[in-house]
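What follows is a short report on a single structure.
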2 protein chains.
Amino acid sequence: MNKQIQIRTLKDLARLADVSTGTVSRALANSELISKKTRTLIQGLALEHGFQPNITARNLRTQRTGAIGVTIPLGHETGQHVSDPFFITMLGLLADALTERGYDLMLSRVIPANSGWLDKIVDSGRIDGLIVIGQSDQSETLDRVAARYRPMVIWGGYEKNQQHCSVGTDNFKGGRLAADHLIERGCERIAFFGDPSVRELSQRYDGCRAAMVKAGLEKKLTVVPAHLVADTAVPDISAFLGATGEKPQGIFAASDVIAMSALRALSDYGLAVPADVKVVGFDGLALSEHTVPRLTTVRQDLTAGAGHLVDLLLRRIAGEETDNIVMDPELIVRMST
Amino acid sequence: MNKQIQIRTLKDLARLADVSTGTVSRALANSELISKKTRTLIQGLALEHGFQPNITARNLRTQRTGAIGVTIPLGHETGQHVSDPFFITMLGLLADALTERGYDLMLSRVIPANSGWLDKIVDSGRIDGLIVIGQSDQSETLDRVAARYRPMVIWGGYEKNQQHCSVGTDNFKGGRLAADHLIERGCERIAFFGDPSVRELSQRYDGCRAAMVKAGLEKKLTVVPAHLVADTAVPDISAFLGATGEKPQGIFAASDVIAMSALRALSDYGLAVPADVKVVGFDGLALSEHTVPRLTTVRQDLTAGAGHLVDLLLRRIAGEETDNIVMDPELIVRMST
DNA sequence: AGAGAAAAAACAATCGATTGCATAAATATC
DNA sequence: GATATTTATGCAATCGATTGTTTTTTCTCT
């Protein structure tokens, strides 16, 4: 690459080729309107000088951006960071899926202070579409914005009459799987660890409860609204273990991260897993394979999920209507039950 | 928010307030050039109509973007995905640090096919600066681009005479820490697991080797060029364990992810950790606390590292010159040694 | 009241690429 | 060879905000 003069703009290139900027623009777009000869000439010059058109200018003109937004509303838990294992796993998968399709990924982490946070993102003019990871406690905001902004897909739980397009796992079924498994293993007193104000977690709770009711154990189900974050969950769980007279025989943690904290807390109290207490997690993250003991968990297929999120989003960007997707969970039995 | 007419542009707002677009622009920027009265009037209208200026247009005019690029060159390992735990941990931390400072994060994952990949990113006009996670085997490309593109900072190993600005851990010292610890624990035959064509890993190897030389154990050091990815590392390691007559007494894995694979492989061969073989990892990722047994590792302070990366980058964007940063590693002794 | 200074707002160029329309050049038709 | 038609290019408006310059308005002071 020899560059006596820096070729920075279409205008520079046009001067060099002794044509108009319009011609250069069309030539680089390989438009049929330009003769083959000038087209190759200009493309050659562009290559030689390593010319890259200014994307901002193009975006302004074409009213698109080539970037997809990914955001993580942390409504229910202000202390929760993007560094949470679930989020970063999903994020990595989305990055792979989007890059494969030629899109850039714009990441924003939000702590919804008011209902305008989502409008701000979709109206920012920076992105062609948005993927939201988790409904948090913001279903209403999501519904409201989804009504006017089409290219948006949400990872999370599906509920009848929701206005937004979602991809997720059948949390109810997953919760039932977990509870059935604990019951089958002989547990009667079961504790649910998780904050039911978050849609996905409440669905898991409902599934768990349904299984308990069916087994006639309804009265032996307790709820510990443990926080999602590992650090703050431990005290919550410890308080519970310290307080109750009767220890639970089984614990259904609403996420692997909570389950990890539970394992740590149980070990602090000298309770053996699975001998004294059995523990089931949810998510099937990589880390669940490396806990002590290895964690029985309800697996969500996040790789497929990320693929679906991107597929649906691109179809919505293209103007199509799309359905919601609910995937099947899978119980993975390991050493903790 | 009542909006009979959608207020989408400065012009719309100007018409509404019966002033010129220039005035609106200055009013929203809270410029002293505009009278307090009109300023509050216009700001009020903007708020009322939920007006958001078009960022693309602003970027075109101001020649900045408000976004920082983060890229992960996967030169040494094509199979390696963004979903690798080290990368996603770093990514999450960077997202936090950048968001805090009001920048957006643009993620691109690259498999460097030719030396132009980096030019393409920095010349894309999409970002104000770039953070590169890991030198991979691309030091030359990084040096070349760093010479002409200032706002770029690289996470990785520091080496004399490098042209690019780096933030990282003292890998040599870390390697020495790990080896010294293994030697102190009575190991003589030590195996290094890691690909030395990657700068950071080769530095860790050098430190390890230095410790061995000092202890007179130079001849008992072997290298297994295990791949970075968990899935492909297991076969490499298994092959090594199956082949050698004398099993190593100590293993220094160049990363926690490799160490995890080593633990799995060792357990497959019926070797007990730490009784038969002692294992040290590197990185200090969250997952290292949840392996069986809990992993002794050399910790890098990634939170501080992410903070430094962002700080240096912003200073470089502002035109300052900056030094490299080399942080101290810390040995964390757990149950695997 | 009127000149001069200061404050406020309007005007217009600009960022760099895209694209509808007009025009010039080349080819085809009779 | 003159006109009709196609093909290739140039011209200029446009996307929406920012900002230097100019003009208008308001205020001050004699």
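In what follows, chains are A, B, ... by sequence order, proteins preceding strands, each numbered from 1.
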Query - Rounded distance (Å) that lies between atom C1' of dA10(C) and atom CZ of Arg15(B) - result: 16 Å

Query raised in the report: Expressed in angstrom and rounded to an integer, what is the separation of Ile7(B) atom CD1 from dA17(D) atom P?
Result: 11 Å

Query raised in the report: Is Gln63(A) near enough to dT18(C) that one of its side-chain N or O atoms lies under 4.0 angstrom from OP1 or OP2?
Result: no

Query raised in the report: How many angstroms lie between atom CG of Asp96(A) and atom CD of Glu100(A), to the nearest 0.5 angstrom?
Result: 7.0 Å

Query raised in the report: Which residue, Arg61(A) or Glu32(B), contacts DNA chain C at a nucleotide closer to its 5' end, judged by nearest heavy atom?
Result: Glu32(B)

**Report entry** Sugar-phosphate only, base, or nothing, as touched by Ser35(A) at under 4.0 Å among non-hydrogen atoms
**Finding:** sugar-phosphate

Report summary line: Checking dA17(D), dG16(C), dT9(D) against the side chain of Ile34(A) (C-beta onward), the nearest is dT9(D)

Report task. Look at Asp119(B) together with Arg148(B) and state whether they make a salt bridge at an N to O cut-off of under 4.0 Å. Result -> yes

Query raised in the report: Whole Å only: how far is the CG atom of Leu33(A) from the C1' atom of dG20(C)?
Result: 11 Å

Query - Atom pair distance, as rounded to whole Å: CG in Leu28(B) and P in dT19(D) - result: 13 Å

Query - Test applied, side chain to side chain contact (heavy atoms under 4.5 Å, CB included); reference residue, Ile133(A); option that passes from Leu94(A), Thr71(A), Ile154(A) - result: Leu94(A)

Query raised in the report: How close or far is atom P of dG10(D) from atom NZ of Lys11(A), stated in whole angstroms?
Result: 15 Å

Query raised in the report: Across the strands shown, which category fits Val19(A) at heavy-atom distances under 4.0 angstrom: base, sugar-phosphate, nothing?
Result: sugar-phosphate

Requested in this report: Determine the contact category for Arg26(B): base if any of its heavy atoms lies under 4.0 Å from a base atom, sugar-phosphate if only primed atoms, P, OP1 or OP2 are that close, otherwise nothing.
Outcome: base

Requested in this report: Give a yes/no answer on whether the side chain of Thr38(B) brings an N or O atom under 4.0 Å of OP1 or OP2 in dA9(C).
Outcome: yes

Query raised in the report: If you look at every strand shown and take non-hydrogen atoms under 4.0 Å, does Asp12(B) touch a base, only sugar-phosphate, or nothing?
Result: nothing

Report task. Give a yes/no answer on whether the side chain of Thr9(B) brings an N or O atom under 4.0 Å of OP1 or OP2 in dG16(D). Result -> no

Requested in this report: Compare side-chain N and O positions of Thr23(B) against OP1 and OP2 of dA10(C) and report whether any pair is under 4.0 Å apart.
Outcome: yes

Report task. Among dA17(D), dT18(D), dT19(C), find the nucleotide with the atom closest to the side chain of Ser25(A). Result -> dT19(C)

Report summary line: CE of Met327(A) to CD1 of Ile325(A), rounded to nearest 0.5 Å, is 8.0 Å

Query raised in the report: Does the side chain of Arg199(B) pick up a donor-acceptor pair with the side chain of Gln162(B) at under 3.5 Å?
Result: yes

Query raised in the report: Rounded to whole angstrom units, what separation is found between the NZ atom of Lys37(A) and the C1' atom of dT7(D)?
Result: 13 Å

Query raised in the report: Just how far, in rounded Å, is P of dT7(D) from CZ of Arg39(A)?
Result: 13 Å

Query raised in the report: Measuring from Ile55(B):CD1 to Thr65(B):OG1, what's the distance to the nearest 0.5 Å?
Result: 10.0 Å

Query raised in the report: Using a cut-off of less than 4.0 Å, is there contact between a side-chain N or O of Thr56(B) and OP1 or OP2 of dC15(D)?
Result: no

Query raised in the report: CG of Leu10(B) versus C1' of dC15(C): gap in Å, rounded?
Result: 15 Å

Query raised in the report: On DNA chain C, nearest-nucleotide positions of Gly22(A) versus Arg8(A): which is more 5'?
Result: Arg8(A)

Query raised in the report: On a plain distance test, is the side chain of Arg58(B) in donor-acceptor contact with the base of dT18(D) below 3.5 Å?
Result: no

